[in-house]
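Below is one structure, written out as structure tokens; comments come after it.
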Amino acid sequence: MRLKSRSHPLVIIALDAAEPALIENWMQAGVLPVLKRLQEEGAYTRLASSAELLAGSPWPTFYTGAPPQIHGLYHWQQWRPAKMKVQIVRPNWLPVEPFWRRLNRKVVALDIPMTYRPGPFRGVEISGWATHDHLDSPASHPKNYLQNIIAEFGTSPVGVEIYARQSFADLMALGDELVASVEKVTEVASKLMAKEAWDLFMVAYGATHRGGHKLWDETGLSDQADSRHAQQLQDKLKEIYVACDRAVGQLVAAAPNEANVFVFSLHGMGANTSRSEVLEKMIGYIMGSSSDSPPMKSKPDALQRLREAVPLAFRSSVKDRLPQNWQKWLTHFWVKRRIDWTSIPLVVPDADLQGYLRINMKRREKKGSIMPGDEYDRICNFLVDGLLSFVDGDTGQPLVKTVLSSKNKIDEGERHHLLPDLIVQWCEEPAANHRRIESSQFGSFGWPTPGRNPSGRSGNHRGEGFLIAKGPSIANRPIKNADILDLAPSICRLLGEKTIGNMTGKVLEVIQN
């Protein structure tokens with residue numbers, strides 16, 4: 001069902017963190033026939049993404065239409081300088097609002113990631129039911145909609161990610177669960193599409209995101225592996241993409257014939273190159289190279305030592321059984337540090353791919369210890385030189401590709417002060433290849449899990465997404481120089497609406513109305 005309007009209806013289908021290279025290869029091979037047909041009849045492009053620098057920022061970048069220095073959101077828990085803490089992001093100190101909640105059109109939205117719970121607006125939204133990434137507990141507007149979905153379709157078909165290596169059998173079972181989740185989300189989406197009046201219909205599939213992290217290759221396994229395991233995991237990942245292709249076909253067939261369609265991902269996926277698990281250790285070696293350098297953090301207390309004595313896989317399995325709010329609270333609790341901030345020069349915030357460093361700067365941090373200007377620049381340069389000295393102990397290949405200064409690399413914006421000061425971009429070799437990490441200046445240490453990724457993530461993000469656009473308002477020709485920032489203003493144009501808020505992107509040249 002949809003409302004009569006002067007514009008064509010618009011269907012948006014997001015395949016969260018789906019890798020463009022896989023989409024392109026599998027379309028060419030005939031594995032994804034629906035996407036291939038849409039591509040041939042419409043327009044296609046890869047999308048530049050804010051994930052290139054800040055892996056957790058693409059969804060807020062998309063739904064605000066503004067870059068991270070404007071919206072300020074790049075992880076579900078961030079350093080809060082006014083409190084000198086890493087905190088779970090909340091709207092009272094980091095407000096962000098999706099553009100669709102401000103449209104003068106009837107909207108139906110299902111499972112758009114990294115959003116706060118919806119308040120009253122001109123539409124229906126179910127948030128966090130089957131998403132990979134959450135900012136808030138599952139919710140809906142109207143409030144009873146989520147309850148109705150759970151009563152009819154069950155609780156979330158996508159559990160909380162286990163941050164640990166898992167057995168081959170467990171990962172294959174996860175793949176089956178993710179395929180089933182695609183089918184379940186499609187059932188819910190189809191019902192909403194038929195039942196509700198809408199001008200804009202939006203749905204996101206989190207299975208491609210979770211599958212890409214856990215099924216990319218064998219380096220997330222806890223048991224022995226060979227080339228057959230890698231191929232079977234990749235085949236299981238392909239099944240998820242095939243299920244998404246079928247889902248796109250079902251939803252496009254159920255939409256009005258005159259509907260415009262966007263299918264996209266905001267960032268991609270590849271072999272895990274992140275060394276963020278050892279970044280704090282690298283920084284500890286660098287800062288400990290001088291006798292007058294302060295320690296990076298205090299010694300673990302008895303409770304921390306007790307926690308570390310419990311195997312990570314067991315902790316993760318217990319945590320997975322808790323309500324989502326409890327899980328987030330526990331993660332946040334263990335990130336906290338008992339630190340004398342007056343003597344600490346920097347903090348290492350959590351990161352999914354790139355490494356982040358935050359200088360404890362006076363007049364910005366509540367208890368800053370480093371003066372802006374020359375002292376700030378000196379410590380940044382010292383850290384950059386130190387990080388660039390670390391190499392793989394076997395090959396001599398650098399761990400770090402480059403270290404970027406957000407002050408120099410990212411334009412100014414109202415929330416620039418919330419971003420990391422230094423962004424560590426790792427080299428392109430898979431991190432699991434390491435056995436030992438060395439620095440000629442600072443010493444050496446072993447990789448936590450030689451041949452494997454300690455987080456259990458065999459795949460991690462890439463800074464490029466894709467877009468397939470098709471419909472009566474979209475020209476059948478290639479799209480050039482597109483960015484995820486261009487999606488929101490293009491959606492507004494297709495709906496006959498003015499751009500909203502601080503949108504900085506352009507309307508894609510293939511939009512004809």
Side-chain angles (χ1 to χ4, degrees), residues 17 50-58 68 73-79 86 132-133 161-165 209 212-214 216-217 219-220 267-287 296-297 308 312 316 331-332 334-337 346-359 383-384 386-392 397-406 419-439 442 445-463:
S50 59
E52 182 67 26
L53 296 181
L54 299 160
S57 68
L73 210 167
Y74 61 90
H75 200 274
W76 66 269
Q77 56 177 2
Q78 293 183 198
W79 176 252
V86 171
H132 168 80
D133 275 329
E161 181 179 358
I162 295 175
Y163 285 92
R165 291 173 294 141
H209 194 153
H213 277 314
K214 303 296 285 188
W216 193 264
D217 59 36
T219 59
H267 51 170
M269 194 71 69
N272 193 352
T273 62
S274 177
R275 282 85 174 172
S276 293
E277 290 93 346
V278 298
L279 177 59
E280 193 168 88
K281 182 168 238 178
M282 294 164 69
I283 295 299
Y285 273 50
I286 295 168
M287 299 305 296
M296 287 304 300
K297 62 180 180 179
E308 290 167 4
L312 177 60
S316 297
T331 300
H332 170 63
W334 289 115
V335 167
K336 292 179 180 178
R337 303 285 194 259
L346 75 154
V347 66
V348 184
D350 276 10
D352 291 327
L353 174 60
Q354 302 93 352
Y356 301 146
L357 301 177
R358 174 86 180 189
I359 306 302
L383 291 167
V384 170
L387 287 168
L388 292 174
S389 74
F390 284 93
V391 300
D392 180 274
Q397 292 295 312
L399 264 67
V400 176
K401 181 179 179 182
T402 186
V403 184
L404 302 172
S405 165
S406 61
L419 304 183
D421 289 294
L422 297 176
I423 300 170
V424 182
Q425 293 191 309
W426 306 105
C427 73
E428 296 174 1
E429 289 296 315
N433 290 347
H434 296 311
R435 292 191 307 163
R436 190 155 194 82
I437 293 168
E438 297 179 352
S439 166
F442 308 117
F445 59 88
W447 179 251
T449 53
R452 305 296 170 91
N453 285 291
S455 67
R457 285 185 165 184
S458 57
N460 215 326
H461 296 296
R462 294 293 184 273

Side chain to side chain donor-acceptor pair (under 3.5 Å) assessment of Thr219 paired with Ser458: CA-CA 5 Å; Thr219 59; Ser458 57; 4.7 Å; no
Heavy-atom closest pair, residues Ala351 and Gly355: CB-CA, 4.4 Å
Run the salt-bridge test on Arg462 and Glu52 with the 4.0 Å N-O cut-off and return the result as yes or no. no
Count the heavy atoms of every other residue, nucleotide or ligand shown that sit under 6.0 Å from CD of Glu429, and state whether that count exceeds 12. no
Where is the tightest heavy-atom contact between Trp447 and Ala432, given as atom of each residue plus distance? NE1-CA, 4.3 Å
Check: Gln354 side chain, Ala55 main-chain N or O, donor-acceptor pair, under 3.5 Å: yes
Correct closest heavy-atom pair for Thr273 and Cys427 would be CB-O, 3.5 Å
Looking only at non-hydrogen atoms, find the nearest pair between Ile286 and Phe442 and report the distance. CG1-CE1, 3.7 Å
Do the ring planes of His213 and His132 sit parallel (below 30°), tilted (30 to 60°) or perpendicular (above 60°)? tilted
Between Ile423 and Leu53, the two heavy atoms sitting closest are CG2-O, 3.4 Å
Give a yes or no answer on whether the side chain of Asn453 reaches the backbone of Gly220 with a donor-acceptor pair at less than 3.5 Å. no
Which atoms form the tightest heavy-atom contact between Glu277 and Ser455, and what is the distance? OE2-CB, 3.3 Å
